[in-house]
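Single-structure report; data block below.
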Amino acid sequence: MRTPLIAGNWKMYKTIGEATALVRDLLAGLGPLADREAIVCPPFTALAAVAPLVAGSQLGLGAQNLYPEAQGAFTGEVSPVMLADVGCRYVIVGHSERRQYFGESDAFVNRKLRTALAHGLRPIVCVGESKPQRDAGQAEPIVTAQVRAALVEVTPEQMADVVIAYEPIWAIGTGDTATPADAQAMHAAIRATLADLYGAEIAATVRIQYGGSVKPDNIDELMAQPDIDGALVGGASLQAASFLRIINYQ
Ligand code: PEP
């Protein structure tokens, strides 16, 4: 009942030429995707060049961030109206790099998420604990509190468009992946939180991705877990061969 979503977060990598070359290679290697969805999230500068290549294809388009206003005097920012206009369907909000390096609070992440929804974008909201938090046994309360904070004033109807990405911070870009069992336990805790907020029926429909050093050699085991509904992939989404293998998980 949940269509798994594999998303490539290219972060601050790829010029326009590199981005279009990668998308061409992905499209050339991608067969029909009957039971899963795949998207790429290039940097802002490459969105307009990538959009016509993926239009009508089996590859979707997302952005990595947005500013939570439709327009205005916000120098350097990009609005949800602009993202929809360029062809984005998804947008990542609350990535740990934004929380950590740009000081984004839970309240600001919630504002971004609600603004994305109001403009017809599907937010992929990232949550995750740090290593000291995990070592202190605080991973679950921290993550479930982030989920609750991100979803303040989000209606049950809107949850059809929300994707949650569980990304333990210590696993991002480190080569250290959560074990499938640890990831599954956290995904189950997140789903239980969603059930508490919206009821079991809606909770069962929300896609929860895992992110953190997802690679061709660990994707199959992660995707075999009952509550893991896709992956948010950084480093391994930057080369066609590795991202195609992840999209084609068994
Ligand atoms: C990410 O950027 O969301 C991520 C999970 O990165 P990586 O796959 O490189 O750990």
Side-chain angles (χ1 to χ4, degrees), residues 2 5 7 9 11 41 62-68 90-117 121-156 158-174 176-179 182-200 202-214 222 225 227-234:
R2 299 184 297 266
L5 174 66
N9 171 17
K11 310 194 186 194
C41 302
Q64 299 174 23
N65 187 26
L66 83 166
Y67 191 76
Y90 288 87
V91 60
I92 299 169
V93 300
H95 192 282
S96 63
E97 288 154 12
R98 295 218 57 90
R99 294 180 190 253
Q100 195 177 338
Y101 305 140
F102 302 96
E104 294 193 3
S105 65
D106 279 338
F108 194 53
V109 171
N110 170 252
R111 218 179 116 200
K112 287 185 172 194
L113 182 141
R114 285 186 290 122
T115 312
L117 288 169
L121 295 167
R122 292 176 172 165
I124 297 174
V125 59
C126 303
V127 293
E129 82 285 358
S130 66
K131 187 80 171 84
Q133 288 167 338
R134 174 155 284 262
D135 291 345
Q138 289 301 302
E140 196 177 305
I142 297 263
V143 168
T144 54
Q146 286 175 341
V147 169
R148 287 178 188 275
L151 297 175
V152 168
E153 286 179 31
V154 174
T155 67
Q158 287 177 314
M159 287 307 292
D161 283 327
V162 173
V163 177
I164 294 173
Y166 167 57
E167 298 208 306
I169 298 168
W170 48 270
I172 297 178
T174 59
D176 253 357
T177 320
T179 65
D182 282 348
Q184 165 56 28
M186 189 62 81
H187 282 229
I190 292 171
R191 205 175 300 287
T193 302
L194 296 175
D196 191 38
L197 291 170
Y198 298 103
I202 287 177
T205 66
V206 177
R207 293 180 291 183
I208 307 174
Q209 297 177 304
Y210 170 79
S213 297
V214 172
L222 287 162
Q225 306 304 312
D227 286 293
I228 298 186
D229 309 313
L232 183 54
V233 187

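Heavy-atom basis, side chains included; hydrogens, waters and symmetry copies ignored.
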* Sidechain-backbone polar pair: Gln100 side chain, Glu97 backbone, donor-acceptor under 3.5 Å -> no
* Where do Ala195 and Ala203 come nearest, in terms of heavy atoms and distance? -> N-CB, 3.4 Å
* Asked: With side chains defined as the heavy atoms from C-beta onward, is the minimum distance between Val206 and Tyr198 less than 4.5 Å?
  -> no
* **Min side-chain heavy-atom separation Leu151-Met159 under 4.5 Å** => yes
* Check against side chain to side chain contact (heavy atoms under 4.5 Å, CB included), Val163 and Tyr90 -> CA-CA 9 Å; Val163 177; Tyr90 288 87; 4.2 Å; yes
* Using 4.0 Å as the upper bound for N to carboxylate O, is an ion pair formed by Glu104 and Arg98? -> yes
* Asked: How would you list, by chain and number, every residue that makes a salt bridge (Lys or Arg N to Asp or Glu O under 4.0 Å) with Asp196, sequence neighbours excluded?
  -> Arg148
* Heavy-atom closest contact (Thr144 atom, Ala189 atom, distance) -> CG2-O, 3.9 Å
* For Asp229 and Arg2, indicate whether the former's side chain and the latter's backbone hold a donor-acceptor pair under 3.5 Å. => no
* Compare all side-chain heavy atoms of Lys131 with those of Ile169 and state whether any distance is below 4.5 angstrom. => no
* Structure fact -> Nearest heavy-atom approach of Pro168 to Gly211 is CD-O, 3.3 Å
* Identify the two heavy atoms, one from Val152 and one from Asn110, that lie closest to each other, and give their separation to 0.1 Å. => O-ND2, 2.8 Å
* Closest heavy-atom contact between Ala178 and Leu222? -> O-CD2, 4.3 Å
* **Distance (rounded to the nearest 0.5 Å) between Ser96 OG and Trp170 CH2** => 12.5 Å
* To do: Write down the atom of Leu232, the atom of Cys126, and the distance for their closest heavy-atom approach.
  => CD2-SG, 3.7 Å
* Do the side chains of Val93 and Leu66 get nearer than 4.5 Å, heavy atoms only? -> yes
* Quick one: does Asp227's side chain have a donor or acceptor within less than 3.5 Å of a partner on Gln184's backbone? -> no
* Could you tell me whether a side-chain N or O of Arg207 sits under 3.5 Å from a main-chain N or O of Ile124, the two making a donor and an acceptor? => no
* To do: Not counting sequence neighbours, list each pair that qualifies as a salt bridge (Lys or Arg N to Asp or Glu O under 4.0 Å) and has a residue in residues 160-170.
  => Arg122-Asp161
* So do Ile228 and Ile208 actually touch side chain to side chain, heavy atoms under 4.5 Å? -> no
* To do: Could you tell me whether the side chain of Glu153 reaches within less than 4.5 Å of the side chain of Gln158, counting heavy atoms only?
  => no
* Heavy-atom donor-acceptor pair, Ser213 side chain to Thr177 backbone, under 3.5 Å -> no
* Within-4.5 Å side-chain heavy-atom neighbours: Ile172 and His95 -> yes
* To do: Check step by step if salt bridge (charged side-chain N to carboxylate O under 4.0 Å, His left out) holds for Arg111 and Asp106.
  => CA-CA 9 Å; Arg111 218 179 116 200; Asp106 279 338; over 6 Å; no
* Asked: Looking at residues at least two apart in the chain, or sitting in another chain, which of them share a ring pair (Phe, Tyr, Trp, His ring centres under 6.0 Å) with Tyr67?
  -> Phe74
* Should the pair His187 and Tyr210 be assigned to parallel (<30°), tilted (30 to 60°) or perpendicular (>60°) ring geometry? -> tilted
* Asked: Do Leu117 and Val154 come close enough that some side-chain heavy atom pair is under 4.5 Å?
  -> yes
* Asked: Do Glu129 and Tyr166 have a side chain donor and acceptor closer than 3.5 Å?
  -> yes
* **Stepwise side chain to side chain contact (heavy atoms under 4.5 Å, CB included) check, Ile92 with Asn65** => CA-CA 6 Å; Ile92 299 169; Asn65 187 26; over 6 Å; no
* **Distance, nearest 0.5 Å, that separates CZ of Arg99 from OG of Ser105** => 8.5 Å
* Supply the atom-to-atom distance Arg134 CZ to Glu140 CD, rounded to the nearest 0.5 angstrom. => 9.5 Å
